[in-house]
2 protein chains.
Amino acid sequence: MLKEERHQTILSEVELHNRILLTDIAEALDVSIDTVRRDVKELDADNKLRKVHGGAISLGFRSNNTRNDNIYKLDHKIKIAEKALGLLKDGGVIFVDGGTTCLELARLIPTNLDLTCFTHSLPVAMELLTKSKITVILVGGQVSRESQSAIGANAIHNLSEIRVDYSFIGTGYVDSYYGLTEFDWDIVQVKKAIIKSSKKSVLLSISEKLNSQHRYKTCDINAINTMITELEPENDLLKPFRNHDIRLI
Amino acid sequence: MLKEERHQTILSEVELHNRILLTDIAEALDVSIDTVRRDVKELDADNKLRKVHGGAISLGFRSNNTRNDNIYKLDHKIKIAEKALGLLKDGGVIFVDGGTTCLELARLIPTNLDLTCFTHSLPVAMELLTKSKITVILVGGQVSRESQSAIGANAIHNLSEIRVDYSFIGTGYVDSYYGLTEFDWDIVQVKKAIIKSSKKSVLLSISEKLNSQHRYKTCDINAINTMITELEPENDLLKPFRNHDIRLI
DNA sequence: AAATTTATTGCCTACATTTGCATGACTTTA
DNA sequence: TAAAGTCATGCAAATGTAGGCAATAAATTT
């Protein structure tokens with residue numbers, strides 16, 4: 001049996017069933033497990049499949065990456081996300097909201113961090129799945145086309161049954177007096193539920209959103225424990241927020 | 001024995017068996033292994049075959065077995081998905097399982113069809129979101145990295161609270177006697193829950209999976225109402241399934 | 001036709017690759 | 001946390017490879 005033949009067989013098995021065990025292949029091909037392991041390692045290096053503990057899985061449907069490369073004020077959002085990383089620690093349980101800033105946070109989480117992450121956002125979930133040490137738990141419900149996240153009564157109910165250390169949330173509008181407001185009523189309901197289910201809520205917002213407001217209110221500024229912007233905490237733009245019981249980073 | 005003769009013999013042997021060992025050819029032609037090695041090296045340089053360690057492989061064999069696209073047997077899966085579309089009608093409530101075949105179904109659903117789709121698969125949900133008339137409802141739970149879909153107790157619980165007209169499911173392995181089997185225990189639990197929560201279950205499977213089995217059992221063949229393969233329903237390969245109360249499309 | 005050149009072949013040797021096994025480290029599971 | 005399973009590593013045996021060399025065969029020149 002030539003090596004090339006084994007490779008072909010392994011590939012078709014993996015494409016056929018999405019997943020295979022090294023031991024099964026070894027038995028089927030009548031070679032040692034070590035040989036199969038080495039074969040699979042090579043195929044993985046060639047990007048023909050993905051090796052996992054004890055077996056291999058097809059690349060197949062794990063290729064659609066949600067990369068949107070013209071995110072507004074991406075540099076600011078990255079800066080915010082980097083600051084937010086400082087709040088994360090091994091073993092933590094967090095909730096990550098939807099939106100581009102939170103997605104950036106998800107993207108920047110180090111792969112060696114051991115976290116349990118809840119989210120109702122599909123893109124965030126996809127991103128978090130790429131980090132091997134993160135347990136991703138999806139909050140289900142009707143999915144909003146716009147936000148690509150679960151909303152509605154079911155999502156809110158599901159949220160009511162969890163309690164996380166930190167929630168990282170975004171908002172459409174934020175103002176020191178009017179608090180967090182949104183354009184969309186359904187989104188507001190979900191965000192309320194998220195805040196309710198977290199011990200501490202962290203708002204991620206670019207400074208451009210400061211001092212703006214809209215129709216529906218998510219919560220008062222006091223309901224937020226920490227606000228992260230791309231600005232230095234001492235920046236004058238943040239002055240109105242210093243009267244509140246809120247940590248600025 | 002002329003060199004040209006040897007070349008012809010080697011080529012026809014390779015075409016016939018898809019692969020050859022240098023040692024076999026040397027013996028068959030009664031020349032030294034070195035000569036064969038040199039011959040094969042030349043044929044490789046002329047792109048008549050591909051030399052590998054210890055032997056040679058037909059070019060055809062290679063191109064037949066490497067996947068031409070991202071998805072294995074995509075043409076078959078499209079054919080299956082197209083047949084499945086025939087079961088959908090406006091106002092329907094369906095469940096779409098994960099896996100490449102079901103993803104293909106999601107992809108092919110017409111944009112003007114008015115459906116409510118449940119799914120526990122992230123890629124399927126993403127795909128369905130692109131169709132404006134479809135209501136997408138995500139079944140939440142812990143997300144499996146491999147399958148990119150929600151699994152576990154929470155997902156199963158969520159499934160227990162819904163009831164759909166049709167569920168479209170995939171399987172790792174299917175056999176007329178052993179029924180639907182899988183490699184992964186957690187996946188089996190979810191599939192069981194899916195079947196339980198549907199009035200009718202439709203299995204989408206390429207014929208290559210027929211007559212194969214694995215460790216954990218999802219259900220008997222009888223639990224499936226309709227099985228769709230890329231084959232004509234009259235095809236002999238489907239014969240073993242005709243003894244069962246199952247519709248073949 | 002003889003001499004010379006060129007190509008082919010088999011053999012040899014040193015080197016490279018492949019494979020299975022042993023060991024200890026690491027992961028997963030119960 | 002312990003047991004079972006999986007993994008990386010090094011090793012040795014078997015096998016495959018490349019290149020040099022000489023004998024032979026074929027082609028070419030003289």
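Each chain gets a letter, A, B and so on, in the order the sequences are listed, and its residues count up from 1. Keep in mind that this is a model prediction, so the values were computed, not measured.
A straight line from CG of B:Leu21 to P of D:dG16 spans 8 Å, rounded to a whole angstrom. Distance CG (B:Asp44) to C1' (D:dT17): 14 Å, rounded to an integer number of Å. Residue A:Ile25 contributes atom CD1, which lies 13 Å from atom P of D:dC7 at whole-angstrom precision. If you measure from atom NE2 of B:His7 to atom P of C:dT8, you get 9 Å, rounded to the nearest angstrom. Atom-to-atom, CG of A:Leu2 to P of C:dT17 comes out at 17 Å; the value is rounded to the nearest Å. Rounding to whole angstrom units, NZ of residue B:Lys41 and P of C:dT8 are separated by 14 Å. As rounded to whole Å, 14 Å separates atom C1' of C:dT18 from atom CD of A:Glu4. Rounded to an integer number of Å, the gap from CD of B:Glu5 to P of C:dT9 is 11 Å.
Within 4.0 Å of B:Val40, counting heavy atoms only, lies no atom of the nucleic acid at all.
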Set out, in order, the CA-CA distance, both residues' side-chain angles and the distance that settles side chain to side chain contact (heavy atoms under 4.5 Å, CB included) for A:Ser197 and A:Arg163, then state yes or no. CA-CA 5 Å; A:Ser197 67; A:Arg163 188 138 182 92; 5.5 Å; no
| request: Starting from the C-alpha separation in whole Å, work towards a yes-or-no answer on salt bridge (charged side-chain N to carboxylate O under 4.0 Å, His left out) for A:Arg50 and A:Asp44. | output: CA-CA 5 Å; A:Arg50 165 119 179 269; A:Asp44 181 297; 5.5 Å; no
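Residues B:Thr171 and B:Val174 meet the side-chain proximity criterion, which asks for heavy atoms closer than 4.5 Å. Within the 4.5 Å cutoff, the side chain of A:Thr226 has heavy atoms near those of the A:Ile228 side chain.
Near DNA chain D, meaning a heavy atom under 4.0 Å away, the residues from residues 27-37 of chain A are A:Arg37.
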What are the atom names and distances for every N/O pair under 3.5 Å that joins the protein to nucleotides 28-30 of chain C?
none

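No N or O donor and acceptor, one from the side chain of B:Arg38 and one from the base of D:dG19, sit under 3.5 Å apart.
An angle of 40°, rounded to 10°, separates the two end axes of the helix from C:dA1-D:dT30 to C:dA30-D:dT1, each defined over five pairs.
Listed by first and then second residue, the ring pair (Phe, Tyr, Trp, His ring centres under 6.0 Å) pairs involving residues 118-142 of chain A are A:Phe95-A:His120 (not counting sequence neighbours).
Formation of a donor-acceptor pair under 3.5 Å by the B:Gln142 side chain with backbone atoms of B:Ile151 is not found in this model. Put simply, the side chain of B:Arg145 gets close to the backbone of A:Lys131: a donor and an acceptor are under 3.5 Å apart. The closest donor-acceptor contact from the side chain of A:Asp165 to the backbone of A:Val93 lies under 3.5 Å.
Distances shorter than 4.0 Å separate some side-chain N or O of B:Lys51 from OP1 or OP2 on D:dT17. In this model, the phosphate group of C:dT9 is approached by a side-chain N or O of B:Arg6 to a distance below 4.0 Å at OP1 or OP2.
Note: A:Asp114 CG to A:Thr116 OG1 = 7.0 Å, rounded to the nearest 0.5 Å. Note that the NZ atom of A:Lys191 and the OG atom of A:Ser167 stand 10.0 Å from one another [nearest 0.5 Å].
With sequence neighbours excluded, the residues that form a ring pair (Phe, Tyr, Trp, His ring centres under 6.0 Å) with B:His214 are B:Tyr173, B:Phe183. Remark: B:Lys217 engages B:Thr181, B:Asp220 in a side chain to side chain contact (heavy atoms under 4.5 Å, CB included) (not counting sequence neighbours).
Residues B:Val52 and A:Gly55 each lie close to DNA chain D; by heavy-atom proximity, the contact nearer the 5' end of the strand is made by A:Gly55.
Residue A:Thr23 has its side chain nearest to D:dT6 when only C:dG20, D:dT6, C:dG10 are considered.
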